[in-house]
Undergrad: 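A single structure is presented below for examination.
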Amino acid sequence: DHDAGGLCPETARLESVLPKAKGLVFDCDGTLLDTMPIYYESWSRACDEVGLEFPVERFYSYAGRTVHDIFQTLIDEQLPADTTVTAAMCEDMKRRHHDALEAEGHFAGPIDVVVDIAFRYKGQLPMAVASSG
């Protein structure tokens, strides 16, 4: 659904408030950079390694949860109670797979609509990039 200017409602709403902003703070992962595809691939490889299923739809539904908590949930649901697989082990595997993906040349690309906003307001508003990692 788009307005007369061709904008979706969320973008139109954002465009209406941006001129009133006193500054902009952008999150890096998932806002400026489309990190989700490479993150999912590292998750998928780690899960395959220990016999866990983690469909992409579920991955996206868990956005915002910690890596440890997600792995613990998957382990509790899918592996026997006496498993030797731990969430910490899975986190290490995921990190290793993520590093391997980058070594293979897979990197996050920009989310153009957000990057365009940053360029448009460069020099006009104070800006910062925030990241948890």
Side-chain angles (χ1 to χ4, degrees):
D1 193 24
H2 293 77
D3 70 5
L7 300 176
C8 71
E10 293 82 9
T11 303
R13 195 169 28 251
L14 176 62
E15 291 295 339
S16 74
V17 298
L18 275 171
K20 302 170 196 156
K22 294 186 179 1
L24 300 172
V25 179
F26 298 95
D27 183 36
C28 187
D29 294 339
T31 302
L32 286 171
L33 293 175
D34 188 10
T35 52
M36 296 303 264
I38 191 172
Y39 282 172
Y40 180 70
E41 183 60 27
S42 66
W43 273 96
S44 182
R45 290 181 183 190
C47 286
D48 286 349
E49 195 170 330
V50 295
L52 294 170
E53 291 184 22
F54 195 32
V56 69
E57 299 81 15
R58 192 167 187 196
F59 167 75
Y60 280 102
S61 76
Y62 280 1
R65 291 183 58 183
T66 67
V67 172
H68 183 90
D69 287 347
I70 294 169
F71 273 122
Q72 192 60 60
T73 297
L74 297 174
I75 291 166
D76 290 346
E77 290 175 356
Q78 299 178 34
L79 297 180
D82 63 349
T83 185
T84 58
V85 175
T86 66
M89 286 171 50
C90 293
E91 283 182 272
D92 289 341
M93 286 178 212
K94 185 196 153 313
R95 242 185 314 281
R96 189 170 21 87
H97 287 298
H98 186 88
D99 292 344
L101 284 161
E102 287 184 343
E104 294 166 14
H106 301 278
F107 295 98
I111 296 178
D112 293 330
V113 67
V114 180
V115 172
D116 289 347
I117 290 168
F119 277 115
R120 225 176 29 202
Y121 285 91
K122 180 181 177 186
Q124 296 177 39
L125 289 175
M127 287 188 233
V129 176
S131 182
S132 63

Undergrad: So which heavy atom on Cys90 is nearest to which on Val85, and how close?
TA: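 Answer, listing the atom of Cys90 first, then Val85: SG-CG1, 3.6 Å.
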Undergrad: Rounded to the nearest 0.5 Å, how far apart are CG of Leu14 and CD of Glu10?
TA: 10.0 Å
Undergrad: Is it the case that one hydrophobic cluster holds both Phe119 and Val129, taking links as side-chain heavy atoms less than 4.5 Å apart, direct or via other members?
TA: yes
Undergrad: How long is the gap from CG on Asp69 to CG on Leu74, to the nearest 0.5 Å?
TA: 11.0 Å
Undergrad: Mind checking what makes side chain to side chain contact (heavy atoms under 4.5 Å, CB included) contact with Leu24, not counting sequence neighbours?
TA: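 Partners of Leu24 under the side chain to side chain contact (heavy atoms under 4.5 Å, CB included) test: Leu18, Ala21, Phe26, Ile117, Tyr121, Leu125, Met127.
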Undergrad: Which pair of non-hydrogen atoms, one from Thr35 and one from Ala108, has the smallest distance, and what is that distance?
TA: CG2-CB, 3.7 Å
Undergrad: If two hydrophobic side chains count as joined below 4.5 Å and joins carry through other members, does Met93 share a cluster with Tyr39?
TA: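 In one cluster with Met93: Tyr39, yes.
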Undergrad: According to salt bridge (Lys or Arg N to Asp or Glu O under 4.0 Å), who are the partners of Glu102, at least two apart in sequence or on a separate chain?
TA: none
Undergrad: With a 4.5 Å cut-off on side-chain heavy-atom distances among I, L, V, M, F, W and Y, is there a chain of contacts connecting Trp43 to Ile38?
TA: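 Per the 4.5 Å side-chain linkage, Trp43 and Ile38 are co-clustered.
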Undergrad: Please round to the nearest 0.5 Å and tell me the distance separating atom CZ of Arg65 and atom CD of Gln72.
TA: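 The CZ atom of Arg65 sits 10.5 Å away from the CD atom of Gln72.
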Undergrad: Test your reading of the model: is there a side-chain donor-acceptor pair from Thr83 to the backbone of Pro80, 3.5 Å cut-off?
TA: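 Checked: no pair found.
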Undergrad: Hey, could you give me the OG/CG distance between Ser131 and Leu33, rounded to the nearest 0.5 Å?
TA: 9.5 Å
Undergrad: Mind listing the side-chain donor-acceptor pairs of residues 46-59 below 3.5 Å, one per line with the distance, residues two or more places apart or on another chain?
TA:
{"from": "Glu49", "atom 1": "OE1", "to": "His97", "atom 2": "NE2", "distance (Å)": "2.7"}
{"from": "Glu49", "atom 1": "OE2", "to": "Arg96", "atom 2": "NH2", "distance (Å)": "3.4"}
{"from": "Arg58", "atom 1": "NE", "to": "Tyr62", "atom 2": "OH", "distance (Å)": "2.9"}
{"from": "Arg58", "atom 1": "NH1", "to": "Glu77", "atom 2": "OE1", "distance (Å)": "2.9"}
{"from": "Arg58", "atom 1": "NH2", "to": "Tyr62", "atom 2": "OH", "distance (Å)": "2.5"}
{"from": "Arg58", "atom 1": "NH2", "to": "Glu77", "atom 2": "OE1", "distance (Å)": "2.7"}
{"from": "Arg58", "atom 1": "NH2", "to": "Glu77", "atom 2": "OE2", "distance (Å)": "2.8"}

Undergrad: Examine Ile70 and Met36 and state if one hydrophobic cluster contains both, with Ile, Leu, Val, Met, Phe, Trp and Tyr joined whenever side-chain heavy atoms are less than 4.5 Å apart.
TA: yes
Undergrad: Taking the side chain as everything from C-beta on, heavy atoms only, tell me whether Arg95 gets closer than 4.5 Å to Val67.
TA: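 They are not in contact (no side-chain heavy atoms under 4.5 Å apart), so the answer is no.
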